[in-house]
Colleague: 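Quick one: the structure is below, questions incoming.
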Amino acid sequence: MALSAGKMARFTAIAWEFTMPMIAGALIGHLLDMHFRTDPWLTLTLFLLGLFGGFYRGIYELSRIQRENNDP
């Protein structure tokens, strides 16, 4: 199964949408932990929220692709 450049770009975008919320959550949580001296609770909380958001977006986009491929 050969992938076109458009499909490869779409899958790359899904990978970024999956990983960036986790990275952003961890970084923002770490900065807030340093400010409020609550290490590691905000880092962990925001990372887990990013993980949930990343999985949600990844599953949503992949199911959308699957629906598009199943339509005649």
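Along the sequence shown, the residues carry numbers beginning at 1. Note that the structure is predicted; figures quoted are calculated from it, not measured.
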Colleague: Restricting to non-hydrogen atoms, name the atom on Leu51 and the atom on Met22 that form the minimum distance, rounded to 0.1 Å.
Modeller: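 Shortest heavy-atom separation between Leu51 and Met22 comes out as CD1-SD, 3.2 Å.
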Colleague: Given Leu32 and Thr43, is the side chain to side chain contact (heavy atoms under 4.5 Å, CB included) satisfied, shown in steps?
Modeller: CA-CA 8 Å; Leu32 290 173; Thr43 302; over 6 Å; no
Colleague: Determine, using the 4.5 Å side-chain heavy-atom cutoff (strictly less than), whether Leu27 and Met20 are members of one ILVMFWY cluster.
Modeller: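 Leu27 and Met20: one cluster.
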Colleague: In terms of hydrophobic clusters joined by side-chain contacts under 4.5 Å, are Phe52 and Tyr60 together?
Modeller: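 The answer is no; the residues belong to distinct hydrophobic clusters.
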Colleague: Side-chain contact test, heavy atoms from C-beta onward, threshold under 4.5 Å: evaluate it for Gln66 versus Asn70 and give yes or no.
Modeller: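 Gln66 reaches Asn70 side chain to side chain.
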Colleague: Could you walk me through whether Ile28 and Leu42 pass the side chain to side chain contact (heavy atoms under 4.5 Å, CB included) check?
Modeller: CA-CA 8 Å; Ile28 293 169; Leu42 291 174; over 6 Å; no
Colleague: Using a strict cut-off of less than 4.0 Å between a Lys/Arg side-chain nitrogen and an Asp/Glu carboxylate oxygen, indicate whether Glu17 and Arg10 qualify as a salt bridge.
Modeller: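 Between Arg10 and Glu17 there is no salt bridge, as every charged N stays at least 4.0 Å from the carboxylate O atoms.
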Colleague: Report yes or no: does Asp39 contribute a side-chain atom to a donor-acceptor pair with the main-chain N or O of Asp33 at less than 3.5 Å?
Modeller: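 A pair under 3.5 Å: no.
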Colleague: Do Phe47 and Ile23 have side chains that get closer than 4.5 Å, going by heavy atoms?
Modeller: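 They are not in contact (no side-chain heavy atoms under 4.5 Å apart), so the answer is no.
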Colleague: Quick check on the hydrophobic clustering: are Leu31 and Phe36 connected, directly or via other members, by side-chain heavy-atom contacts under 4.5 Å?
Modeller: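 The answer is no; the residues belong to distinct hydrophobic clusters.
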Colleague: Does Phe55 share a hydrophobic cluster with Leu44, counting links as ILVMFWY side-chain heavy atoms below 4.5 Å and allowing steps through other members?
Modeller: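 Yes; Leu44 is reachable from Phe55 via cluster members.
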Colleague: Group every Ile, Leu, Val, Met, Phe, Trp and Tyr by side-chain heavy-atom contacts under 4.5 Å, then state whether Leu62 and Met8 land in the same group.
Modeller: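 Hydrophobic grouping puts Leu62 with Met8.
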Colleague: Determine the minimum heavy-atom distance between Gly54 and Phe18, stating which atoms define it.
Modeller: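 That would be O-CD1, 3.3 Å.
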